Number of protein chains: 2
Amino acid sequence: MAAQADDTRHRLLEAAGEVFAEKGFQAATVRDICGRAGANLAAVNYHFGDKERLYVEVVKHAHHCGEEIAYPQWPPGTRPRKKFRDYVSHMLIRLLDPRRPAWHTQLMAREMAQPSAACAALVESYIRSGHELLEEILVELMPPETSAIARHLAAFSIVGQCLYFRIGRPIVERLVGEDEFRTYDVARLTDHIVRFSLAALGSRQPAGEASQPASTAGRSREVIR
Amino acid sequence: MAAQADDTRHRLLEAAGEVFAEKGFQAATVRDICGRAGANLAAVNYHFGDKERLYVEVVKHAHHCGEEIAYPQWPPGTRPRKKFRDYVSHMLIRLLDPRRPAWHTQLMAREMAQPSAACAALVESYIRSGHELLEEILVELMPPETSAIARHLAAFSIVGQCLYFRIGRPIVERLVGEDEFRTYDVARLTDHIVRFSLAALGSRQPAGEASQPASTAGRSREVIR
DNA sequence: GATTGAAACGAACATTTGTTTTAATCGAGC
DNA sequence: GCTCGATTAAAACAAATGTTCGTTTCAATC
């Protein structure tokens with residue numbers, strides 16, 4: 001029946017997501033996937049044709065789930081700093097929040113190490129919108145004479161910081177020790193990256209607390225020296 | 001003969017490095033490796049025992065090659081900013097210089113996405129020294145009251161920026177287009193990351209050119225608001 | 001109530017792949 | 001010149017794996 005079919009299809013997608021993220025495309029076995037999904041070995045070929053098309057559907061599925069957490073809609077007149085903080089926080093939550101299923105971003109990490117043709121176009125359509133949103137915020141945040149290239153580089157510097165705490169997790173954890181790493185929660189990392197980046201962009205946070213920007217200056221800030 | 005043996009052993013290591021980096025451990029086949037190395041299929045098992053031990057040796061080999069490009073030795077009294085720029089430049093060269101064999105860092109990227117037990121300890125011993133060097137530079141570069149955690153976070157922000165231009169290359173290239181991406185050479189990225197990070201750390205670069213720091217201040221620099 | 005079609009199942013197939021085995025080759029030392 | 005150990009070459013093996021096939025189940029439809 002349709003309900004049953006959609007159910008196993010869905011279970012296959014979820015199970016395959018886990019396994020692909022855990023082992024990678026090649027190392028993941030159809031048997032493992034079907035086993036976790038509680039489905040028959042032939043279910044993959046029946047529902048998706050073959051292993052590769054299952055993989056594509058998994059990525060699409062992950063993409064669709066990623067859309068669920070949309071970027072915030074700011075009322076007009078929202079301070080760029082507030083937008084910026086929300087943006088960084090949003091990205092870190094998507095990357096690090098343990099309540100989110102882990103395999104979405106893990107799959108992305110894998111695609112970065114070895115981009116597959118089917119997935120590249122999808123990653124593109126998934127990432128670009130967020131990237132362009134960041135650029136819009138940066139236009140408001142950086143001095144007006146900033147070149148487009150400088151703005152692009154700044155955007156990558158910001159995304160790179162966020163991503164490293166996810167992709168480089170095994171390294172970071174080892175370097176600072178488990179105890180300190182446990183304190184690297186979303187709030188603290190948001191605070192650090194926002195502070196670090198705003199200073200880099202020529203904006204200045206109040207010395208004490210970063211969550212309540214007390215000024216809208218920082219746009220035309222140009223240091224002489 | 002010994003000379004012949006060492007030769008094929010070495011060819012195997014090189015070829016295996018390429019293939020492992022390209023395909024990943026599982027997807028890489030012994031046949032492909034031996035084919036590229038111009039060696040017989042049984043050569044891997046003869047010289048290394050099995051595929052996994054070959055992999056370990058490959059990583060060790062890559063590690064050894066990485067050591068070849070050592071960090072610069074600065075004479076005492078060298079300005080921290082100069083050290084910092086050298087450090088970033090050094091890291092970017094290792095990551096991006098097209099003259100360096102590409103598979104070293106690609107293997108690292110793969111180990112980050114899926115750290116293997118054998119390699120974790122090695123990555124550790126490979127990375128920590130460089131990380132501690134960066135921390136030493138940051139001690140000189142950041143205000144003296146900076147906490148250790150804040151310094152750690154800053155270090156990761158810096159490394160994350162560098163790494164993203166390597167790991168996230170397929171994404172970055174797509175986002176800005178091939179033409180602009182071609183202009184992202186080591187010199188420009190060094191310049192950007194150094195400028196971005198020094199500003200974030202509370203230090204300020206001269207507005208015009210970043211390669212010749214004209215001041216040793218920037219340590220005690222604290223902007224009010 | 002017979003029929004149809006989707007869905008699931010179990011077994012088998014063909015291929016790939018790491019590994020082993022066995023024979024051949026080559027060079028050095030007596 | 002011959003032997004012995006090290007190395008290479010070719011073939012074969014056994015396990016794993018993606019895929020396919022024939023059958024069965026079961027609800028919906030006529």
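Everything quoted here is computed from the prediction, not taken from an experiment. Proteins come first, then strands; the chains are lettered A, B, ... in the order of their sequence lines, and each starts at number 1.
In the set dG18(C), dC9(C), dA10(D), the nucleotide with an atom closest to the side chain of Lys51(B) is dG18(C). Listed candidates were dC9(C), dT8(D), dT19(D). Nearest to the side chain of Leu41(A) is dT19(D). For Arg31(A), counting side-chain heavy atoms from C-beta on, the closest listed nucleotide (dT19(C), dT20(D), dT19(D)) is dT19(D).
Along DNA chain C, the nucleotide nearest to Gly38(A) and the one nearest to Gln26(A) differ in position, and the one closer to the 5' end is contacted by Gly38(A).
Among the protein residues, Ala43(A) comes within range of no part of the nucleic acid, since none of its heavy atoms lies under 4.0 Å from any strand. When heavy atoms are screened at a 4.0 angstrom cut-off, Ala28(B) is found touching the sugar-phosphate backbone but no base atom.
For dA8(C), one of the phosphate oxygens OP1 or OP2 lies less than 4.0 angstrom from a side-chain nitrogen or oxygen of Thr8(A). Checking the phosphate oxygens (OP1, OP2) of dA8(C), a side-chain nitrogen or oxygen of His47(A) falls inside 4.0 Å. Considering only side-chain N and O atoms, Tyr46(A) lies nowhere under 4.0 angstrom from the phosphate OP1 or OP2 of dA8(C).
Separation of the Phe156(B) and His131(B) ring centroids falls under the 6.0 Å cut-off.
Rounded to whole Å, atom P of dT17(D) lies 17 Å from atom CG of Asn40(A). The distance from atom CG of Asn45(B) to atom P of dA10(D) is 17 Å, rounded to the nearest whole Å. Arg9(A) places its CZ atom 14 Å from the C1' atom of dA7(C), with the value rounded to the nearest Å. Nucleotide dT20(C) holds its C1' atom 18 Å from the CZ atom of Phe48(B), rounded to whole Å.
Salt bridge status for Arg182(A) with Asp179(A): present, with a side-chain N to carboxylate O gap under 4.0 Å. With respect to the salt-bridge test (charged N to carboxylate O, under 4.0 angstrom), the residues Glu140(A) and Lys83(A) qualify.
Aromatic ring orientation, Tyr71(B) versus Tyr87(B): parallel (interplanar angle below 30°, classes split at 30° and 60°).
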